[in-house]
Amino acid sequence: MRIIPAAEIHTAVTEAIGNIAYGIDPLLKSALERALAAETSATARDVLSTLLENAAVSGRARIPYCQDTGTVVVFAGIGNEVLISGALLDEIINSAVSDAWKVNYLRPSIVCCPLSRTPNSGDNTPAVIHHRITAGDKLHLSIALKGGGAENMSAIKMLSPTASEDEIIGYVTEIVTKAGGKACPPVILGIGIGGNFETAAMNAKHALFVPLDSRHPDDRIARLEQRILQAVNATGIGPQGMGGKTTALAVHVITAPCHIASLPVAINLQCHAHRHCEIIL
Amino acid sequence: MRIIELTLPLTPADISGLQTGDKALLSGILYTARDQAQQRLCQLLDKNAELPFSLASATLFYCGPSPVPPGRICGAIGPTTASRMDKYTPQLIENGLRVMIGKGERSPQVQEFLRQYQAVYLTAIGGASAILAQSVTAFDLWCWQELGPEAIYRIAVKDFPCYVNCL
């Protein structure tokens, strides 16, 4: 067994959150630059230029990229030869979230009771943490700060098992069209196809961690991703819903085996404030 | 794309001179109000109680800012989704509100109220909070501190960039 002390995880998560709240993922910057070069509408160009400038100012002046500093979402891959000493992993992560929020003056956006809407937890805890056991002696933590606007526009539907790929594309396009400017386009789409009700949604979220420029290793799914991207960008919704060619920057699909009666399709929308990273300890 | 500099509060003549798609640079005072604060404003109107500011001269900014770090004027500021405010907007417009800033589309009902009352809805760029913060010259908690980021903040801005979405 390899022992990882709680303090090491705490420090790494606190620093990671402090880093991703500001500035921009280099792959996202490149995607926005390509979108800017492709747009002809003055408004779309103005919006994309502002987003690039925002990223630069955010990093330089240490002002959060977006005022909605999000829910902390963590996918933890825990090696079967890892022993975390000192505290439970969820306790360590939540303690790190609390510290990162205070040190960086991030916005506390979590209410403890969804019905009374009070009290605000004050430090953005709890994080949403998903665990899986992996082979080996490493701890992988994929961390995202997920804003509420795009999350609200996400959707899941149980399609007929005989639905065509065109129907899947039609459903995704319908959801992105309904989201319009509300999801802060240009968006990134994480799509879970197959599995059951909850695995489709989990896979949709997990797909948002796929590097922006990567292509699915399965050709059929890679082609589907490409067709969805083209269909979504043909809607003309554009940056911030103000018209243009760039409604989505990337589409990533994760599939899973499913029941003969089912074809769940879950779509998780990610705004352009795509703040995420991976830590390997 | 026309770029127009405007001083708040907007006059009826200012609003009638605007066209959808114009870029506006706003200078003056904004009051933040998002879900919880909007609900409270409407509850006060229902009771004929006094509001914490005059709706007729206010510009409402659908925004929950991030905390202000020491030595800074403000934290990150930016618009939240306006459609969540659609259920409160007709009542606020009927009681004098004419200018609001958020992101995303409005309901057909709100669009009709905007037309009927010669009010305007502007969109600021969602997630461009570092840039928008550059236009802030003063930032103060105005009321309802217990709502945290959903409290009402009074923000003085100079050349705050946004776009005419609907009027």
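Note: hydrogens, waters and symmetry copies are ignored here, and every other heavy atom, side chains too, is used. By convention in this document, chain letters (A, B, ...) are assigned in the order of the sequence lines, proteins followed by strands, and residues within each chain are numbered from 1.
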Engineer: Is it the side chain or the backbone of Q240(A) that comes within 4.5 Å of chain B heavy atoms, both, or neither?
Structural biologist: side chain
Engineer: Please state whether the side chain, the backbone, both or neither of P69(B) comes within less than 4.5 Å of a heavy atom of chain A.
Structural biologist: both
Engineer: Working to the nearest 0.5 Å, report the span between CG of N54(A) and OG of S129(B).
Structural biologist: 6.5 Å
Engineer: With a 4.5 angstrom heavy-atom cut-off, which part of R62(A) approaches chain B: side chain, backbone, both or neither?
Structural biologist: both
Engineer: Please classify the contact of L51(A) with chain B as side chain, backbone, both or neither, using a heavy-atom distance under 4.5 Å.
Structural biologist: side chain
Engineer: OG1/T50(A) to CD1/I125(B) distance, rounded to the nearest 0.5 angstrom?
Structural biologist: 4.0 Å
Engineer: For residues V68(B) and Y105(A), determine if any side-chain heavy atom of one lies less than 4.5 Å from a side-chain heavy atom of the other.
Structural biologist: no
Engineer: Which answer fits D46(A), side chain, backbone, both or neither, if we ask what part of it has an atom under 4.5 Å from a heavy atom of chain B?
Structural biologist: both
Engineer: Out of R84(B), Q134(B), M1(B), which one racks up the most heavy-atom pairs below 4.5 Å with chain A?
Structural biologist: M1(B)
Engineer: Does any backbone or side-chain atom of E150(B) lie under 4.5 Å from a heavy atom of chain A? Answer side chain, backbone, both or neither.
Structural biologist: neither
Engineer: Looking at CD of E105(B) and NZ of K178(A), how far apart are the two atoms once the value is rounded to the nearest 0.5 Å?
Structural biologist: 12.5 Å
Engineer: Would you say the side-chain atoms of H272(A) pair up with the backbone N or O of A128(B), donor to acceptor, closer than 3.5 Å?
Structural biologist: no
Engineer: Considering only heavy atoms, which portion of E146(B) lies under 4.5 Å from any heavy atom of chain A: side chain, backbone, both, or neither?
Structural biologist: neither
Engineer: If you round to the nearest 0.5 Å, how far is CD1 of I77(B) from SG of C66(A)?
Structural biologist: 11.5 Å
Engineer: Measure distances from T81(B) to the heavy atoms of chain A and classify the residue's part below 4.5 Å as side chain, backbone, both or neither.
Structural biologist: side chain
Engineer: May I ask you to decide if P67(B)'s main-chain N or O and R107(A)'s side chain share a donor-acceptor pair within less than 3.5 Å?
Structural biologist: no
Engineer: Should the heavy atoms of other residues, nucleotides or ligands under 6.0 Å from NZ of K87(B) be counted, would the total exceed 12?
Structural biologist: no
Engineer: Has the side chain of K103(B) got a donor or acceptor atom that lies under 3.5 Å from a matching backbone atom of K182(A)?
Structural biologist: yes
Engineer: Is it the case that atom CD in E94(B) sees more than 12 heavy atoms from other parts of the structure closer than 6.0 Å?
Structural biologist: yes
Engineer: So which residue, G149(A), G180(A), A42(A), ends up with the most heavy-atom pairs under 4.5 Å with chain B?
Structural biologist: G180(A)
Engineer: Given a strict heavy-atom distance threshold of 4.5 Å, which part of A179(A) is in contact with chain B: side chain, backbone, both, or neither?
Structural biologist: backbone
Engineer: Is a side-chain N or O of Q67(A) found less than 3.5 angstrom from the main chain of P65(B), in a donor-acceptor match?
Structural biologist: no
Engineer: Using a cut-off of under 4.5 Å on heavy-atom pairs, state which of R60(A), M153(A), M242(A) scores highest against chain B.
Structural biologist: M242(A)
Engineer: Check each of D68(A), T69(A), N120(A) against P149(B) using the side chain to side chain contact (heavy atoms under 4.5 Å, CB included) test, and report the only one that passes.
Structural biologist: N120(A)
